[in-house]
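Just so it is clear: chains get the letters A, B, ... in the order the sequence lines come, proteins before strands, and each one is counted from 1.
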Protein chains: 2
Amino acid sequence: MPRVVSERADVMPALTEVFREHGFEGASLALIGQRTNLGKGSLYHFFPGGKEEMASAVLGEIGAWFETSVFKPLRDENDPRRAIGRMFEAVDTYFRSGQRVCLVGAFALGDARDRFAAQIHAYFAVWNDALRGALVRAGRDEETARTLAEEVLAAIQGSLVLARALNDPGSFQRALERLKARLETA
Amino acid sequence: MPRVVSERADVMPALTEVFREHGFEGASLALIGQRTNLGKGSLYHFFPGGKEEMASAVLGEIGAWFETSVFKPLRDENDPRRAIGRMFEAVDTYFRSGQRVCLVGAFALGDARDRFAAQIHAYFAVWNDALRGALVRAGRDEETARTLAEEVLAAIQGSLVLARALNDPGSFQRALERLKARLETA
DNA sequence: AAATGACTTGACCATTCGGTACAGTCGCGA
DNA sequence: TCGCGACTGTACCGAATGGTCAAGTCATTT
């Protein structure tokens, strides 16, 4: 039998995909095991806390990715308009132009909401804040920026729901285009 | 022991709430039984197809409610602006001003997507169509109406996600106000 | 009053669940 | 070369899962 020494990081992509496709309750250890090519022994070696720790790690990784690829640029980049443009690019890539679902959003709507409330809340709150800040730096007044940021987040999440429900990724792409256009016009 | 003769319709509200709160996988028969005050025997008497038929019935009832309370008025009412206003009222009531989640949206994002693809698709497609039609009758050109309808549906769904994630029903209410304002300005 | 049939109960079934235990297998530092 | 510790597969656990079923209980019909 092959000994494939792996580390936690190696299984994260597969783990993420399983939770994204099946939700928390739907992702059984059996399924996780076969998708990661890891026995329960290994799984519990890397995640002593079991399924809950696995899901939490996935949320953490997603949060970290967005932090470096989206939130931080929104806060730090000199040109806020450029940062916002990059945000849309990153979002489009991440959600595979609407073919992928937002795990955090799915968790928020489902039964995993309470269990991971803090991480789910943080994801959206931090994004909202970073975007609002960038909009202010781009010249919007505080109130408009607040409204716009909330609107953008909701539109992204909602269009992902629609894309998935109607089996039409175009819903997501069109939403992104609309949002870009709206944020560009001063 | 009390004999409480019930019919299918009596258990629908409780059934709906269980699926809404726990999703398809998360709603166990034990949970369903205690929330409906019905033993498995009765449950299987009313829904021979088991959990799947229960969830399907719930989706059907939701669809029917929206059909008579939202879609049909959008299509048939003489004054399309009035119909749209009523749609927002109905939606606000139905989702308890953002404290309730959209079961159809939650199913669309989760693992129940494939199982109930047809019903999920129909819900959004019919709504989209009815709203687009009303917007055209209200004076919008075909293309604007199509875009606006899609935008409204996505905004509603997205703001429900946000409301739930941020634990702030206000996200939903503000979204509804914004949408109302946007659809009123010709 | 007997029969019917919708409704209910609770025991029961095989399967799967998340999780544990443990006997290994190997890479690596001493 | 030896032993430690990281890693892995598998057998196993009790509980819970979705689902079945026989044996009722009654209100209604006849």
Side-chain angles (χ1 to χ4, degrees), chain A residues 1-60 103 106-107 110-116 119, chain B residues 1-59 103 106-107 110-116:
Chain A
M1 69 196 64
R3 178 178 163 77
V4 195
V5 177
S6 37
E7 34 183 329
R8 228 173 109 128
D10 294 337
V11 303
M12 292 305 295
L15 209 49
T16 304
E17 220 48 40
V18 178
F19 281 118
R20 201 195 302 279
E21 288 170 23
H22 300 272
F24 184 73
E25 297 286 348
S28 70
L29 284 187
L31 191 59
I32 294 172
Q34 79 186 53
R35 295 287 280 274
T36 56
N37 287 313
L38 244 42
K40 285 199 205 180
S42 305
L43 250 12
Y44 271 83
H45 173 71
F46 292 122
F47 307 94
K51 211 164 81 155
E52 183 153 346
E53 188 175 341
M54 298 178 207
S56 184
V58 164
L59 286 174
L103 213 217
F107 271 26
D111 56 308
R113 200 311 275 263
D114 295 343
R115 217 189 282 252
F116 304 106
Q119 287 173 281
Chain B
M1 70 195 65
R3 178 179 164 78
V4 196
V5 178
S6 36
E7 35 182 328
R8 227 174 109 128
D10 294 338
V11 303
M12 292 305 295
L15 209 48
T16 304
E17 221 47 43
V18 178
F19 280 118
R20 201 196 302 280
E21 287 170 23
H22 296 90
F24 184 75
E25 297 286 349
S28 70
L29 284 186
L31 190 59
I32 294 172
Q34 80 184 53
R35 295 288 279 277
T36 56
N37 287 314
L38 244 42
K40 287 199 209 178
S42 305
L43 251 11
Y44 272 83
H45 173 71
F46 293 121
F47 307 94
K51 211 163 78 153
E52 182 152 347
E53 187 176 343
M54 299 178 207
S56 185
V58 165
L59 286 174
L103 213 217
F107 271 26
D111 56 308
R113 203 306 280 261
D114 295 342
R115 216 188 284 252
F116 304 105

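- Put simply, CZ on F24(A) is 14 Å from P on dC17(C), counting in whole angstrom units.
- Taking atom CG of residue L43(B) and atom P of nucleotide dG18(D), one finds them 11 Å apart after rounding to whole Å.
- For the pair Y44(B) OH and dC13(C) P, the computed distance is 17 Å after rounding to whole Å.
- For K40(B) against dG19(D), a side-chain N or O and a base N or O form a donor-acceptor pair under 3.5 Å.
- Listed candidates were dG19(C), dC7(D), dC7(C). Nearest to the side chain of L29(A) is dG19(C).
- The listed nucleotides are dT8(D), dC7(C), dC17(C); the one nearest the side chain of S42(A) is dT8(D).
- We find that R115(A) and E52(A) are joined by a salt bridge, their nearest charged nitrogen and carboxylate oxygen being less than 4.0 Å apart.
- Among the nucleotides dC17(C), dG19(D), dA6(D), the one closest to any side-chain atom of K51(B) is dG19(D).
- S28(B) has a side-chain polar atom (N or O) that falls below the 4.0 Å cut-off from OP1 or OP2 of dT17(D).
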Inset, instruction - I would like to know whether E21(A) and D111(B) meet side-chain contact (heavy atoms from CB on, under 4.5 Å); could you show each step before the answer? - result: CA-CA 6 Å; E21(A) 288 170 23; D111(B) 56 308; over 6 Å; no
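- The distance between atom CD1 of I32(B) and atom C1' of dA16(D), rounded to the nearest whole Å, is 14 Å.
- Classification of the F24(B)-F19(B) ring pair by plane angle, with boundaries at 30° and 60°, yields parallel.
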